[in-house]
Amino acid sequence: MAAAAAAAAADTLWEDRDVRFDISSQQMKMRPGEVLIDCLDPIEDTKGNNGEKGRLLVTNLRIIWHSIVLPRVNLSVGYNCFVNTTTRTANSKLRGQTEALYILTKCNNTRFEFIFTNVVPGSPRLFASVIAVHRAYETSKMYRELKLRCALIQNKQLRLLPKEQVYDKINGVWNLSSDQGNLGTFFVTNVRVVWHANMNDSFNVSIPYLQIRSVKIRDSKFGLALVIESSQATGGYVLGFKIDPVEKLEETAKEINSLHKVFSVNPIFGVDYEMEEKPKQLEDLTVEQVQDDVEIEGDEQTDAFVAYFADGNKQQDCEPVFSEELGLAIEKLKDGFTLQGLWEVMG
């Protein structure tokens with residue numbers, strides 16, 4: 001059961017890898033290992049909800065914005081989706097022409113642009129928090145991503161990450177990725193397992209527990225081997241290692257599974273950043289979402305994200321056309337869009 005739970009956790013981590021709109025209160029809660037770093041209030045989602053006060057939560061995996069009046073109007077943007085962050089002038093209904101934080105993202109081959117404005121004048125904390133935490137995320141990928149042929153070894157010793165501890169170092173371990181195998185050294189730490197070839201330090205692999213689906217002992221053409229399967233997000237690698245004697249193989253498999261289990265309860269994502277002023281707990285900041293007394297049509301596609309599309313090819317406004325529905329001139333709508341559909345998004 002524990003192995004199945006760990007495998008599920010490796011494949012269901014979405015908070016830092018996805019852009020989601022109008023998520024449930026359950027999805028707004030912190031997952032194990034996710035911590036609230038800063039809370040900014042009031043913040044306007046200038047592109048999607050211009051004129052509406054909201055709250056921006058900055059965690060070690062994502063940013064969450066929600067409307068203060070209607071918490072069900074919200075968005076979650078994972079740092080892994082960030083393309084760039086800049087500060088530019090935006091037109092806010094609450095602040096007028098003011099400096100705002102622009103975040104360009106890419107998720108599932110779709111680009112979204114987000115613009116956030118601090119409603120309180122003269123506060124640069126919005127820019128400082130988001131940009132600094134995202135930088136901390138970008139510089140700590142070894143905790144979260146499977147890496148091949150990296151600068152892992154220095155003077156025959158593993159270059160430790162912050163908060164990393166070596167639990168075991170095993171010499172004479174064969175990597176079974178090629179027909180003849182490669183002899184090397186195996187490290188087991190509290191955040192990952194690492195192997196490198198003895199004849200070439202740059203021939204190596206680092207597998208964080210965050211990306212491990214299973215650790216088993218299986219039979220191979222080289223005899224019994226330690227087999228590590230990585231998550232689907234990394235490509236579902238199956239890596240084999242030959243450890244002798246069999247007693248040491250069994251001991252190592254048991255140790256990795258035990259450390260993996262402990263890690264899964266409280267993962268270390270490696271994003272180490274603290275604000276001088278501690279934010280309140282998330283439970284004290286979020287408002288219980290009230291269930292609307294309406295019937296939702298299951299077949300209709302919701303387009304709440306349409307307002308956030310990043311139109312990189314648009315150089316100027318579309319030509320004006322006369323709208324018989326409104327009785328005035330409007331910018332020509334893109335193909336596939338209707339006034340009725342836009343009103344539904346706004347509602």
Original post:
Can you name the closest pair of heavy atoms from Ala225 and Leu176 and give their distance?
Top reply: CB-CD1, 3.6 Å
Original post:
Pick from Val133, Val35, Asn60: which one makes a side chain to side chain contact (heavy atoms under 4.5 Å, CB included) with Tyr273?
Top reply: Val133
Subject >> Lys248 bridged to Asp168 by N-O distance under 4.0 Å >> reply: yes
Subject >> Any Leu56 side-chain heavy atom under 4.5 Å of Asn118 side chain >> reply: no
Subject >> Derivation and outcome, side-chain contact (heavy atoms from CB on, under 4.5 Å), residues Val205 and Lys147 >> reply: CA-CA 6 Å; Val205 60; Lys147 295 289 187 179; over 6 Å; no
Original post:
Among the clusters formed by ILVMFWY side chains lying less than 4.5 Å apart, do Leu148 and Met142 turn up in the same one?
Top reply: yes
Original post:
Can you tell me if Ser140 and Arg144 form a side-chain donor-acceptor pair at under 3.5 Å?
Top reply: yes
**OP:** Starting at CG of Leu226, measure out to CZ of Phe241 and round the result to the nearest 0.5 Å.
**Re:** 7.0 Å
**OP:** Using a strict 4.0 Å threshold on nitrogen-to-oxygen distance, state whether Glu34 and Arg62 make a salt bridge.
**Re:** yes
**OP:** Flag the pair Arg149 / Phe203 as yes when at least one side-chain heavy-atom distance between them is below 4.5 Å, and no otherwise.
**Re:** yes
Subject >> Minimum-distance pair of heavy atoms, taken over all atoms of Ser92 and Thr98 >> reply: CB-CG2, 4.2 Å
**OP:** Go through the side-chain N and O atoms of Thr46 and Thr117 and say whether any donor and acceptor fall under 3.5 Å apart.
**Re:** yes
Original post:
Just how far is it from atom OG of Ser206 to atom CG of Leu158, taken to the nearest 0.5 Å?
Top reply: 7.5 Å
Original post:
Out of curiosity, Glu255 CD to Ser258 OG, how far, rounded to the nearest 0.5 Å?
Top reply: 8.0 Å
Original post:
Does any non-hydrogen side-chain atom of Ile256 lie less than 4.5 Å from one of Tyr209?
Top reply: yes
**OP:** Walk me through it: do Arg31 and Phe269 pass the test side-chain contact (heavy atoms from CB on, under 4.5 Å)?
**Re:** CA-CA 11 Å; Arg31 71 171 293 120; Phe269 291 106; 4.3 Å; yes
**OP:** Would you please indicate yes or no on a ring centroid separation below 6.0 angstrom for Tyr308 and Phe21?
**Re:** yes
Original post:
Measuring from Phe116:CZ to Glu44:CD, what's the distance to the nearest 0.5 Å?
Top reply: 10.5 Å
Original post:
How long is the gap from CG on Asp201 to CD on Gln157, to the nearest 0.5 Å?
Top reply: 10.5 Å
**OP:** Would you check if Asn190 and Ile268 make a side-chain contact, meaning some heavy-atom pair closer than 4.5 Å?
**Re:** yes
**OP:** Examine Leu104 and Leu75 and state if one hydrophobic cluster contains both, with Ile, Leu, Val, Met, Phe, Trp and Tyr joined whenever side-chain heavy atoms are less than 4.5 Å apart.
**Re:** no
Subject >> Residues Glu229 and Lys216 bridged, charged N to O under 4.0 Å >> reply: no
Subject >> Minimum-distance pair of heavy atoms, taken over all atoms of Pro32 and Ser264 >> reply: CB-O, 4.4 Å
Original post:
Side chain of Thr139, backbone of Ala136: donor and acceptor closer than 3.5 Å?
Top reply: yes
**OP:** Go through the side-chain N and O atoms of Thr185 and Asn198 and say whether any donor and acceptor fall under 3.5 Å apart.
**Re:** yes
Subject >> Path from Leu160 to Tyr167 over hydrophobic side-chain contacts below 4.5 Å >> reply: yes
Subject >> Single-linkage hydrophobic cluster, 4.5 Å side-chain cutoff, Ile153 and Val166 together >> reply: yes
Original post:
Do Asp16 side-chain atoms and Asn80 backbone N/O form a donor-acceptor pair below 3.5 Å?
Top reply: no
Subject >> Positive for side chain to side chain contact (heavy atoms under 4.5 Å, CB included) with Arg55, one of Asp41, Ile43, Ile64 >> reply: Asp41
**OP:** Report yes if the side chains of Gln27 and Asp18 come closer than 4.5 Å at any heavy-atom pair, otherwise no.
**Re:** no
Subject >> Atom NZ of Lys242: over 12 foreign heavy atoms under 6.0 Å >> reply: yes
**OP:** Start with the C-alpha distance between Phe187 and Arg192, add both sets of side-chain angles, then the distance that settles side-chain contact (heavy atoms from CB on, under 4.5 Å), and finish with yes or no.
**Re:** CA-CA 8 Å; Phe187 294 90; Arg192 57 180 172 162; over 6 Å; no
Original post:
Given the rule that I, L, V, M, F, W and Y join up when any side-chain heavy atoms are under 4.5 Å apart, are Trp65 and Val119 in one cluster?
Top reply: no
Original post:
Between Tyr102 and Asn84, is there a donor-acceptor pair closer than 3.5 Å when you use the side chain of the first and the backbone of the second?
Top reply: no
Original post:
Between the main-chain N or O of Cys150 and the side-chain N or O of Asn204, is there a donor-acceptor pair closer than 3.5 Å?
Top reply: yes
Original post:
Side-chain contact, heavy-atom cut-off 4.5 Å: Leu152 with Trp195?
Top reply: no
Subject >> Contact summary for Asn171 and Lys169, nearest pair of heavy atoms >> reply: OD1-CE, 4.0 Å
Original post:
Which atoms form the tightest heavy-atom contact between Met28 and Pro71, and what is the distance?
Top reply: SD-O, 4.5 Å
Subject >> Residue pair Arg20, Trp14: steps toward the side-chain contact (heavy atoms from CB on, under 4.5 Å) verdict >> reply: CA-CA 10 Å; Arg20 296 189 179 186; Trp14 61 269; 3.5 Å; yes
**OP:** Report the distance from atom OG of Ser230 to atom CD1 of Ile207, rounding to the nearest 0.5 Å.
**Re:** 7.5 Å
**OP:** Check whether more than 12 heavy atoms from other residues, nucleotides or ligands sit under 6.0 Å from atom NZ of Lys254, and answer yes or no.
**Re:** no
**OP:** Before giving the answer on side-chain hydrogen bond (donor to acceptor under 3.5 Å, both in side chains), spell out for Ser177 and Asn175 the whole-Å C-alpha distance, their side-chain angles and the decisive distance to 0.1 Å.
**Re:** CA-CA 6 Å; Ser177 59; Asn175 183 321; 3.0 Å; yes
Subject >> Modelled atom types, side-chain donor and acceptor of Gln211 and Thr234, under 3.5 Å >> reply: no
**OP:** For residues Cys39 and Arg125, report the shortest heavy-atom separation together with the two atoms involved.
**Re:** O-NH2, 3.4 Å
Original post:
Given side chains that start at C-beta, do those of His134 and Ile103 come closer than 4.5 Å, heavy atoms only?
Top reply: no
Subject >> Non-hydrogen side-chain atoms of Phe263 and Ile212 separated by less than 4.5 Å >> reply: no
Original post:
Ring centroid separation for Phe309 and Phe112, is it under 6.0 angstrom?
Top reply: yes
